[in-house]
Amino acid sequence: MFGLSFQVASLDESGHMILWVVVELRRADLAGSQSDLGLIPGGKVKLIHSSSIHLSDRFFHKDVLLLGSPQTLNIKFLPRDFNHFVIGTDIGLITHGTRYGLMEPPLQYTSLHSKLRPAQVTAIDFSPFAVAAFLAGCSDGSVRLHTMSTEFPAMEWNDSTNGRSVTALQWSFTRPTVFFVLDAASSIYIWDLSQNNLHPIAKESITPDHVLSMSVFGEPEKNSHVMGLALGKSSGKVEIQYIKKKLAKIQPQELETFHLLLHEIL
């Protein structure tokens, strides 16, 4: 009945993480169903409710709970181990959880400057390379680079967007040290930590048709050095921008350089 399948997660307002299995039907459905999310007449993609996890107090330290339960805003799974996930909150805190088994430290990831801060974690993205590290962007414009093994960030940048909220951020699929940040004022920042680990190497402000969303694409397995950005605009249009091959092409021993950079800082 089913072909290829994978799992996704969502957060509801009551603090539950809902797990869904996305399956591709071998035969198209002819009737559709209101209860089968994503299954339209003639469609072959179906969401099946798998399970739910209540994000209870066990995911937060007691000193955090003294201020009330944080609001959970987004979730990301570790790409190479779907048992582990991180959740962004409305107090600048990122919590670490597991779907099953014992909890593993650290329980949470915080800013270098303040354990709790009045800033929402608006975006999270894991490195697509063999590094257990992730980026986090916040509503106060700060960007943090965390490793899974340490509570405090390996790097933190607080002034790269002049205080404007981070709308989206994402790693390059072809360069371990390159990532992209979009802020609420429709400015895109390109970072290359192998060149400069203090400031972005480029910035582009896009007006008047502002960018509301951003997605990075590339084909690292083909070694074609093709990388670009798909930009969702306020007009409803989707714009494709290709990145120069010089920036898309992986540099010699770049992954080793990234590992060394994280190790030296930690």
Side-chain angles (χ1 to χ4, degrees), residues 76 111-112 119 121-129 131 133-147 153-235 237-262 264-265:
K76 287 284 185 176
S111 167
L112 280 172
V121 179
T122 53
I124 299 174
D125 193 43
F126 276 100
S127 170
F129 296 87
V131 182
F134 63 91
L135 293 165
C138 297
S139 58
D140 61 0
S142 62
V143 177
R144 290 151 37 190
L145 171 58
H146 286 276
T147 64
M155 301 181 192
E156 183 169 355
W157 304 276
N158 291 303
D159 56 357
S160 63
T161 67
N162 294 318
R164 293 187 288 264
S165 176
V166 173
T167 304
L169 51 73
Q170 192 172 345
W171 290 97
S172 162
F173 288 120
T174 60
R175 295 280 309 279
T177 62
V178 172
F179 62 91
F180 303 84
V181 175
L182 170 67
D183 73 16
S186 190
S187 292
I188 297 174
Y189 306 81
I190 302 177
W191 287 79
D192 183 353
L193 301 180
S194 66
Q195 291 189 36
N196 189 331
N197 62 14
L198 298 177
H199 304 284
I201 62 169
K203 173 186 175 183
E204 181 181 0
S205 296
I206 300 177
T207 57
D209 192 3
H210 284 195
V211 177
L212 303 180
S213 61
M214 174 187 71
S215 182
V216 180
F217 63 88
E219 299 178 317
E221 67 281 356
K222 294 185 178 180
N223 199 29
S224 60
H225 312 313
V226 174
M227 180 173 64
L229 303 175
L231 307 176
K233 311 293 282 295
S234 58
S235 64
K237 297 179 181 179
V238 175
E239 179 179 301
I240 302 297
Q241 290 193 7
Y242 286 94
I243 305 299
K244 293 181 179 179
K245 286 189 175 182
K246 181 180 180 181
L247 189 61
K249 182 180 180 181
I250 190 168
Q251 303 302 307
Q253 298 183 326
E254 183 173 347
L255 186 56
E256 291 79 1
T257 299
F258 186 48
H259 276 285
L260 182 62
L261 184 63
L262 291 177
E264 288 179 344
I265 294 175

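Quick note: numbers below take in every heavy atom, side chains included, and nothing from hydrogens, waters or symmetry partners. Keep in mind the model is a prediction, meaning the values are calculated, not measured.
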Using 0.5 Å steps for rounding, measure from the [atom1] atom of [X] to the [atom2] atom of [Y].
| X | Y | atom1 | atom2 | answer |
| --- | --- | --- | --- | --- |
| Phe134 | Ile124 | CZ | CD1 | 6.5 Å |
| Leu231 | Ser213 | CG | OG | 8.0 Å |
| Ile206 | Leu229 | CD1 | CG | 8.0 Å |
| Met155 | Leu112 | CE | CG | 11.0 Å |
| Thr177 | Gln195 | OG1 | CD | 8.0 Å |
| Asn196 | Ile190 | CG | CD1 | 13.5 Å |

Is there side-chain contact between [X] and [Y], with heavy atoms separated by less than 4.5 Å?
| X | Y | result |
| --- | --- | --- |
| Leu169 | Tyr189 | no |
| Val181 | Pro200 | no |
| Leu182 | Ile188 | yes |

When you look at Cys138 and Arg144, which way does the side-chain contact (heavy atoms from CB on, under 4.5 Å) test go after all the steps?
CA-CA 9 Å; Cys138 297; Arg144 290 151 37 190; 3.9 Å; yes
Short question: side chain of [X], backbone of [Y] - any donor-acceptor pair under 3.5 Å?
| X | Y | answer |
| --- | --- | --- |
| Ser186 | Val211 | yes |
| Ser215 | Ala230 | no |
| Gln251 | Lys249 | yes |
| Ser127 | Ala133 | no |

Take Phe258 and Ser194 through the side-chain contact (heavy atoms from CB on, under 4.5 Å) test and state the conclusion after the steps.
CA-CA 7 Å; Phe258 186 48; Ser194 66; over 6 Å; no
Ser142/Glu156 under side-chain hydrogen bond (donor to acceptor under 3.5 Å, both in side chains): CA gap, chis, key distance, verdict
CA-CA 7 Å; Ser142 62; Glu156 183 169 355; 4.9 Å; no
Least distance between heavy atoms, [X] atom then [Y] atom:
| X | Y | answer |
| --- | --- | --- |
| Ser187 | Ser205 | OG-OG, 2.9 Å |
| Val226 | Thr174 | O-CG2, 4.2 Å |
| Ala168 | Met214 | O-CE, 4.0 Å |
| Ser165 | Thr122 | OG-CG2, 4.1 Å |
| Asp209 | Ser234 | OD1-OG, 2.9 Å |

Which pairs count as salt bridge (Lys or Arg N to Asp or Glu O under 4.0 Å) when at least one residue sits in residues 174-187, sequence neighbours excluded?
Arg164-Asp183, Arg175-Asp192, Arg175-Glu254
Whether Trp191 and Trp157 hold their rings parallel, tilted or perpendicular, with breakpoints at 30° and 60°
tilted
Enumerate, atom names and distances included, each donor-acceptor pair closer than 3.5 Å involving a side-chain atom of residues 237-246, sequence neighbours excluded.
| unit_1 | atom_1 | unit_2 | atom_2 | d |
| --- | --- | --- | --- | --- |
| Glu239 | OE1 | Lys233 | NZ | 3.0 |
| Glu239 | OE2 | Gln241 | NE2 | 2.7 |

Go through the steps for Val216 and Phe179 under the test side-chain contact (heavy atoms from CB on, under 4.5 Å), then give the verdict.
CA-CA 9 Å; Val216 180; Phe179 62 91; over 6 Å; no
